[in-house]
Number of protein chains: 2
Amino acid sequence: MVRSLARGLEVLAAFDRDTPTLSLSELAARTGWNKGTAYRFASTLVELSYLEHDPATKRYRPGLKVLELGFTCLSSLGLADRTQPILEQLFRETGGPVHMAVLDGSDIVYVARRADRSLTQIQLYAGARLPAYCTSMGKVLLAHRPWDEVRAVMRGVRMQPHTPRTATTLARLGADLERIRHDGYGMTDQELELGVRSIAAPLRDATGGVVAAVNVSTLTARVSVDQLLSDLLPKLLGAAARMSAALGYAGKEVRAV
Amino acid sequence: MVRSLARGLEVLAAFDRDTPTLSLSELAARTGWNKGTAYRFASTLVELSYLEHDPATKRYRPGLKVLELGFTCLSSLGLADRTQPILEQLFRETGGPVHMAVLDGSDIVYVARRADRSLTQIQLYAGARLPAYCTSMGKVLLAHRPWDEVRAVMRGVRMQPHTPRTATTLARLGADLERIRHDGYGMTDQELELGVRSIAAPLRDATGGVVAAVNVSTLTARVSVDQLLSDLLPKLLGAAARMSAALGYAGKEVRAV
DNA sequence: CAACCCGGTTGGGCATGGCGCAACGACTCT
DNA sequence: AGAGTCGTTGCGCCATGCCCAACCGGGTTG
């Protein structure tokens with residue numbers, strides 16, 4: 001509708017970790033706009049401190065004010081604040097990297113984490129996205145959505161076999177989700193990355209609906225499936241219960257909206 | 001310049017931790033716009049997934065895509081990635097909450113942290129802002145800017161006495177900065193909040209300029225000034241040196257730009 | 001040393017985007 | 001049942017912001 005707004009945000013979104021800075025020409029090329037147009041938008045964003053301009057190198061980079069935006073968003077979710085201490089405790093109990101994420105369409109978005117250093121290849125941080133279908137938290141979150149909705153959002157997703165164990169068919173995914181609903185937790189065994197196994201549990205808020213998920217990741221070389229289920233799973237479920245309580249969940253399960 | 005862009009961002013910025021959701025009328029009131037105008041902008045942002053709209057409650061809240069924006073910005077700084085492990089180590093060595101921040105005008109902006117739970121009253125998180133003049137990291141960062149620039153940015157700041165010990169005059173601040181430059185570290189003793197004492201050290205990158213600061217906070221009730229300086233300060237300075245190295249600093253100090 | 005080229009910045013003129021206003025429909029509260 | 005509130009939509013006018021094109025400055029090349 002408001003085109004100029006869309007364009008402006010396109011500018012901010014043009015930066016990513018591969019292209020942390022852009023020159024004006026690069027920006028114009030990337031967006032497909034006229035140079036003058038790109039200049040106006042860049043200047044406006046600089047004026048508003050959402051973009052910074054280095055006069056020496058003539059390059060733009062996102063301003064710190066953008067960070068602020070992101071975090072007011074995080075805090076408006078109100079999830080991470082109250083659960084961080086429990087996440088911390090879970091990390092200490094398990095020693096593995098622990099994460100918390102919410103579902104957004106067919107992706108999961110990380111909202112909190114606690115880890116020494118990343119044992120996985122993929123660098124994760126709050127705001128990062130991963131496909132839901134091949135992650136433990138993603139499956140847990142999908143498992144608590146109506147199947148019709150799952151099918152609808154998965155329609156736009158190419159189920160890539162990241163590893164030989166990745167679920168690549170809707171049928172297989174459906175079976176996984178069914179099991180997760182029954183078990184109350186979900187596991188992905190090297191579906192995203194070989195050598196990494198994760199278990200995840202749902203988090204509920206005051207409404208009783210599942211609003212987020214928490215997980216623990218382990219290296220297959222160090223923790224067997226048996227150990228994972230006998231030792232770490234109870235700790236995960238305990239933490240999840242306390243986190244749900246912190247979010248106002250009173251104990252009455254309500255089937256997902 | 002591009003008014004519609006400014007307006008759109010105003011919408012996103014209208015949300016904060018006190019007002020995590022807004023109805024259309026509230027938004028219109030808060031921005032001072034016509035309802036129709038507010039509606040157009042809100043709809044556009046929803047369309048772009050930067051805003052979410054709950055049809056049941058008829059309220060808007062920032063979308064998860066905003067988080068993404070913020071974090072590409074963080075990673076484009078490239079500070080937190082490489083220094084996080086060292087920050088982690090410093091946390092374990094000192095036991096106190098440790099933070100990392102950069103300077104933005106007269107504010108400091110937190111870019112990384114490691115803490116069990118907040119011992120300070122004020123809830124901090126990446127993206128949060130605090131005034132530079134009454135924080136240890138802020139003073140360290142100001143100390144490495146030209147005095148003219150400091151005076152210029154401080155012109156717009158009311159130096160509020162948050163506690164009886166807060167520096168409230170430019171002269172006092174100047175003296176503090178002078179001492180910090182000489183000592184190579186900075187301390188604030190209960191200047192922002194009674195009962196909390198912090199020390200901070202500058203971080204340099206490959207260019208030799210000071211680009212960020214790292215600090216350790218302690219409770220006055222538990223750690224004396226002597227202990228802080230004899231025990232924690234060497235650990236802080238050691239971590240700062242390693243963090244600077246991780247950022248590419250080769251050891252040659254260059255006076256701030 | 002001059003000619004050129006490329007990236008950034010600025011001006012003008014036209015079209016359309018977007019703003020204010022006002023009416024409308026749905027819902028709630030009294 | 002009426003009145004008030006809130007969200008949504010249509011209309012018409014105005015100015016915003018887009019395209020194009022010229023201009024400028026710096027670096028490079030013949």
Side-chain angles (χ1 to χ4, degrees), chain A residues 1-16 18-63 65-66 69 72-73 76 207 257, chain B residues 1-16 18-66 69 73 76 207 257:
Chain A
M1 281 199 159
V2 183
R3 184 168 57 145
S4 313
L5 174 53
R7 290 190 160 191
L9 291 167
E10 202 179 326
V11 172
L12 291 180
F15 298 87
D16 56 38
D18 299 323
T19 54
T21 73
L22 286 173
S23 72
L24 187 59
S25 307
E26 286 165 356
L27 179 62
R30 182 168 278 246
T31 52
W33 306 337
N34 188 300
K35 267 194 306 178
T37 304
Y39 179 70
R40 275 156 223 283
F41 279 97
S43 301
T44 304
L45 288 169
V46 168
E47 183 75 23
L48 300 170
S49 306
Y50 287 102
L51 214 59
E52 280 168 27
H53 185 229
D54 183 350
T57 62
K58 307 248 182 179
R59 310 202 110 241
Y60 294 92
R61 66 182 182 80
K65 208 166 170 187
V66 180
L69 279 189
T72 61
C73 150
S76 86
T207 67
V257 190
Chain B
M1 282 198 161
V2 182
R3 185 168 55 144
S4 313
L5 174 52
R7 291 190 161 193
L9 291 167
E10 203 178 325
V11 173
L12 292 180
F15 298 87
D16 56 39
D18 299 323
T19 53
T21 72
L22 286 172
S23 72
L24 188 59
S25 305
E26 286 165 357
L27 178 63
R30 182 169 277 246
T31 52
W33 305 338
N34 189 300
K35 268 193 305 178
T37 303
Y39 179 71
R40 277 156 223 283
F41 279 97
S43 302
T44 304
L45 287 168
V46 168
E47 182 74 23
L48 300 169
S49 307
Y50 287 102
L51 213 58
E52 279 168 30
H53 185 229
D54 183 351
T57 63
K58 307 247 182 180
R59 310 202 111 242
Y60 294 93
R61 65 180 183 80
L64 290 164
K65 207 165 169 187
V66 180
L69 277 190
C73 150
S76 86
T207 69
V257 189

Colleague: For A/W33 and D/dC18, what is the distance between atoms CH2 and C1' respectively, to the nearest whole Å?
Modeller: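 It is 12 Å, rounded to the nearest whole Å.
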
Colleague: Can you check the B/Y39 OH to D/dG10 P distance for me, whole Å?
Modeller: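 Those two atoms, OH and P, are 10 Å apart.
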
Colleague: The side chain of B/K35 lies closest to which of these nucleotides: C/dG20, C/dG18, D/dT8?
Modeller: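 Closest nucleotide among those given: D/dT8.
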
Colleague: Measure from the side-chain heavy atoms of A/T37 and tell me the nearest of D/dC18, D/dG17, C/dG7.
Modeller: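 Looking only at heavy atoms from C-beta outward on A/T37, the closest nucleotide is D/dC18.
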
Colleague: Quick check: on DNA chain C, is the nucleotide nearest A/L5 upstream (toward 5') of the one nearest B/G36, or the reverse? Name the residue that is more 5'.
Modeller: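 It is A/L5 whose nearest nucleotide is closer to the 5' end.
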
Colleague: Nearest whole Å is fine: how far is C/dT9 C1' from A/N34 CG?
Modeller: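 Nearest whole value for this atom pair: 12 Å.
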
Colleague: Below 4.5 Å, heavy atoms only, C-beta onward: do A/T19 and A/R30 meet side chain to side chain?
Modeller: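 In short, these two side chains touch, coming nearer than 4.5 Å.
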
Colleague: Between B/Y50 and B/V11, is a side-chain contact (heavy atoms from CB on, under 4.5 Å) present by the stated rule, with each step listed?
Modeller: CA-CA 10 Å; B/Y50 287 102; B/V11 173; over 6 Å; no

Colleague: I need the single residue from B/L48, B/L45, B/L5, B/T44 that forms a side-chain contact (heavy atoms from CB on, under 4.5 Å) with A/V2. Which is it?
Modeller: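 Running side-chain contact (heavy atoms from CB on, under 4.5 Å) over B/L48, B/L45, B/L5, B/T44 with A/V2 returns exactly one hit, B/T44.
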
Colleague: With no angle test and no hydrogens, is the base of D/dG17 tied to the side chain of A/R7 by a donor-acceptor pair under 3.5 Å?
Modeller: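 Per atom types, no contact qualifies.
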
Colleague: Among D/dC19, D/dG17, C/dG8, which is the nearest nucleotide to the side chain of A/K58?
Modeller: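 In terms of side-chain proximity for A/K58, the closest of D/dC19, D/dG17, C/dG8 is C/dG8.
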
Colleague: Tell me: CG of A/L24 to P of D/dC23, nearest whole Å?
Modeller: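 My rounded result for the distance is 20 Å.
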
Colleague: Once you round it to whole Å, what is the distance between C1' of D/dT9 and CZ of B/R40?
Modeller: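 Distance, rounded to whole Å: 8 Å.
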
Colleague: Between atom CD in B/E26 and atom P in D/dC6, what is the gap in whole Å?
Modeller: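 B/E26 atom CD is separated from D/dC6 atom P by 9 Å.
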
Colleague: Between A/D54 (CG) and C/dG8 (C1'), how many Å, whole number?
Modeller: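 In whole Å, C/dG8 C1' lies 14 Å from A/D54 CG.
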
Colleague: Is B/R40 close to B/W33 at the side-chain level, that is, under 4.5 Å between some pair of heavy atoms?
Modeller: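 They are not in side-chain contact.
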
Colleague: Give the rounded distance in Å between these two atoms: CZ of A/F41 and P of C/dG17.
Modeller: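 The answer, rounded to whole Å, is 12 Å.
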
Colleague: From C-beta outward on A/S25, which listed nucleotide comes closest to its side chain: C/dG7, C/dT9, C/dC19?
Modeller: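 Looking only at side-chain atoms, A/S25 lies closest to C/dG7.
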
Colleague: Taking the side chain as every heavy atom from C-beta outward, state whether A/T37 and A/R7 have any atom pair closer than 4.5 Å.
Modeller: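 Yes - at least one pair of side-chain heavy atoms lies under 4.5 Å apart.
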
Colleague: Within the structure shown, what part of the strands sits under 4.0 Å from A/S23 by heavy-atom distance: base, sugar-phosphate, or nothing?
Modeller: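 The answer is sugar-phosphate, as A/S23 gets under 4.0 Å only of primed atoms, P, OP1 or OP2.
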
Colleague: How would you label the contact of A/S4 with the nucleic acid (heavy atoms, under 4.0 Å): base, sugar-phosphate, or nothing?
Modeller: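 Sugar-phosphate, no base atom in range.
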
